[in-house]
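One structure is given here, and the rest of the page talks about it.
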Amino acid sequence: MNILQELRGRLHSVLASKVEDADRFAAMLTPSQNPEFGDYQANCAMPLSKQLGKPPRDVAADLIAELDISDLCEQPEIAGPGFINFRVKTNFLQQQIDQVSQSERLGVEPVAEKQRIVIDYSAPNVAKPMHVGHLRSTVIGNALYRILSFLGHDVTSDNHIGDWGTQFGMILYGYRNFVDQAAYEKDAVAELSRLYRLVNRLGEYHQTVEELPGLEWKLSEAEQAVNDAEATVEQDDKRGKKQLKKLRSDLESIRASVKKAEGLVAEVEQDAELKKLADAHPEIHTDARKETAKLHAGDPENRQLWDEFLPACLEAMNVVYRRLDINFDLTLGESYYQPQLASVVEELKSKGLAEESQGAMCVFLPEERAPFIVQKQDGAFTYATTDLATIRYRVEELKADTILYVVDARQGDHFQMLFKTARKWGYDDVALQHVSFGTVMGKDGKPFKTRAGDIVGLGDLLDEAISRALGIVAANDDAKPNGAELDDAARARIAEIVGLGGIKYADLHHNRESDYIFDWDKMLAMNGDTATYMQYAYARICGIFRKAGVERETIRNSDQSIQLGHDAERALAFQLLRFDEALAASAQEYRPNFLTNYLFETANTFSTFYDKCPVASEEDEATRLSRLKLCETTARILEQGLSLLGIKTSERM
RNA sequence: GCGCCCGUAGCUCAGUUGGAUAGAGCAACGGACUUCUAAUCCGUAGGUCAUAGGUUCGAAUCCUAUCGGGCGUGCCA
């Protein structure tokens, strides 16, 4: 039973006879912020006071008088201006926790209204190896997939990989002109990725060389503007000062881009080899795009190369996914929709949504500054077109009720336009949701750059995490009071669980909306609010079972009912009963961090219990069994909860 | 220029949709291992919630302005 929901329901039925929007007021019943105010609190009496024309405390008293909750709670108390505080009866907790301890689903009821949900996440670009920037979408998306599935929804994960865009043209161009055949045969993916970076770099070089004079001119303009403003702005001219400041910051950003451009050019020019290549390929930028266009147009040679490259690229991605224990129901990349794109544009045209502008087919949306381009001047389709085709497919073939896009917040504008266009196009029943997340920043507070070169690849990141974890696992094992108990194989296995768990958890426990700073040490720290803390709590529970010499199965089937005599026992039972609440909140907002918070609190509450209440050595048999049951339920909730985040546990650490 | 997001303890972050005395984790300080794993627990200290106004019973949360940062902004995805 979801106690919060139950209480809200009871309050709702009282409110319904008094006000129209009972839902809104019932929702004001929330968990208490502070234990001294009980377990739950209702805050609705104050706002109702106006509507009902009574002092809030009187409103609260009226509500309490009509509320039928004596089976769940002690007599509610009115506090402060009109808060109603609820304290759940311990014998009710007892009866509930007994049920949950027997329950396969740990007290979590499957949703009443099952939805068909497609989750679009991870979606790496096959041309570039996966790096730390891909982590968030992958980890958050997979957690949502697991949570929504567990709640009983019909969920399909779809990896919408980038296998058909401009970046593939670069690979094709690179392969044609620069391939090192021996390297390609040895490690195709590494070589292709080198080729991609090379072509990209040379293209950028030429573009930069072309743009640099313009940039420098802009720089001198900006310098002039600042000088002029400095000369004319009066001391007390607030507006002028503000403008001056703006000009200065413009100047700084232009200066930075000039510096960056010069650096880029210098890097190529100082490298004789690179310079030679650059001179030999002056049109590389457009030529690479032509390769893309040829591929799209069905050029047999490019198609053949594509067919050859793709499996290797996919396999490289799958290596990482296997390590992360992630798999997809579908992997329908951009290329899958390629045959459908022309018809998308035709439909948009025939419905009068798309029109030609400057040689491109565009959908113009009111309130949007830029057009939504569905076909470029050169005839190529864009990701906008692909995304529209994908929506059509997911609604018509997959019968999706909801589509979630777990994608970087920087693409927010794109999704705004995509969703608006889709609705106008006729897909207005499906719920389209951009589950956006913030940028991963470096320690300097600046975003990771995709092509900076010194970015850690995802594979290396995982290796590093596991090797650090191994050090800690070994040190901890060596320090055990009764001597080490793990052999090398076990240590290695646990290090993997701890290392990967640490990485996933570091990402999931942030509010996904905010940017966060990527920090090796924090991510792999083995104490505090980390996956390790919960994994450790789980392992300690398993240690209790070993010590007590009982099987978990036996504990679960015992008919000893759970007793909550000690504060720590009551607190733990109450916490365990709120698993349902945490999952519901997490699913409602598509925010795994609600679940990580819950699990951290659960492990914390358990650790306190562990400290205060002996289990295996408890002499009173009923108490001992009761506590074993509490432990067993805690273990299952930690295990299940972590598993919904894609994090594993070990019985020994 | 326009649009979106952000500013909370020394650091990294929460804050359940407007609720009571703003919370965690690191780092600091002080306690707790002959007893189920001290990867732990208990306690202390640390705050003008960027700033200034406003809305109301009540604001970190909503509105306005200012300051500071990030991102995006017609053919990359």
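These numbers come from the heavy atoms of this one structure, side chains and all, not from hydrogens, waters or symmetry mates. Source: prediction; values computed, not measured. To find a chain, count down the sequence lines: A is the first, B the second, and so on, and within it residues start at 1.
At the phosphate of B:C57, OP1 or OP2 sits under 4.0 Å from a side-chain N or O atom of A:Lys50. Residue A:Asn34 has no polar side-chain atom (N or O) positioned under 4.0 Å from OP1 or OP2 of B:G23. Dashed line: the shortest gap from a side-chain N or O of A:Asn604 to OP1 or OP2 of B:C41 is under 4.0 Å. Proximity of A:Ser514 to the phosphate of B:A14: a side-chain N or O atom is located under 4.0 Å from OP1 or OP2. Contact check, A:Ser49 against B:C57: no side-chain N or O comes under 4.0 Å of OP1 or OP2. At B:A38, one or more side-chain N or O atoms of A:Arg540 fall inside 4.0 Å of OP1 or OP2 (strictly under the cut-off). Within the 4.0 Å cut-off from OP1 or OP2 of B:U16, not a single side-chain nitrogen or oxygen of A:Asn597 is found. Using a 4.0 Å cut-off, some side-chain N or O of A:Tyr536 falls inside it from OP1 or OP2 of B:A39. OP1 or OP2 of B:C41 lies within a sub-4.0 Å distance of a side-chain N or O belonging to A:Tyr533.
When both distances must be under 3.5 Å, the Watson-Crick or G-U wobble mate of B:A27 does not exist. B:A50 and B:U66 make up a base pair, with Watson-Crick or G-U wobble contacts both under 3.5 Å. Searching all strands for a Watson-Crick or G-U wobble partner of B:G58 with both distances below 3.5 Å returns nothing. In this entry B:U34 has no Watson-Crick or G-U wobble partner, no candidate having both defining distances under 3.5 Å. Figure legend. B:C76 is base-paired to no nucleotide; pairs are counted as Watson-Crick or G-U wobble with both atom distances under 3.5 Å.
The line from OG1 of A:Thr421 to CD of A:Gln416 is 10.5 Å long, rounded to the nearest 0.5 Å.
Ring-centre distance between A:Tyr405 and A:Phe419: below the 6.0 Å cut-off. Under the 6.0 Å cut-off for aromatic ring centres, A:Tyr337 and A:His160 qualify, their centroids lying closer than that.
Annotation: cation-pi pair A:Arg552/A:Phe545 absent, no NZ/CZ under 6.0 Å from the ring centroid and within 45° of its normal.
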### Query
Run the side-chain hydrogen bond (donor to acceptor under 3.5 Å, both in side chains) check on A:Asp515 and A:His510 step by step: do they pass?
CA-CA 9 Å; A:Asp515 295 345; A:His510 289 100; over 6 Å; no
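One C1' atom belongs to B:C71, the other to B:C63, and the distance between them is 24 Å to the nearest Å. Comparing B:U61 with B:G18, their P atoms sit 11 Å apart, to the nearest whole Å. Nucleotides B:G10 and B:C62 place their C1' atoms 31 Å apart, quoted to the nearest Å. Using P as the reference atom, B:G19 and B:A60 are 10 Å apart when rounded to the nearest Å.
The residue A:Thr532 sits close to a base: some heavy atom pair falls under 4.0 Å.
Atoms CD1 (A:Ile517) and C1' (B:C6) sit 12 Å apart, rounded to a whole Å. Going from atom OH of A:Tyr610 over to atom P of B:U40 covers 12 Å, rounded to whole Å.
Of the candidates B:C57, B:G15, B:U16, B:G15 carries the atom nearest the A:Arg591 side chain, counting heavy atoms from C-beta on. Here the side chain of A:Arg410 is nearest to one of B:G72, B:A20, B:C13, namely B:G72.
Side-chain atoms of A:Asn85 and base atoms of B:A20 include a donor and an acceptor less than 3.5 Å apart.
Glycosidic conformation, B:C33: syn, with the torsion inside 90° of 0.
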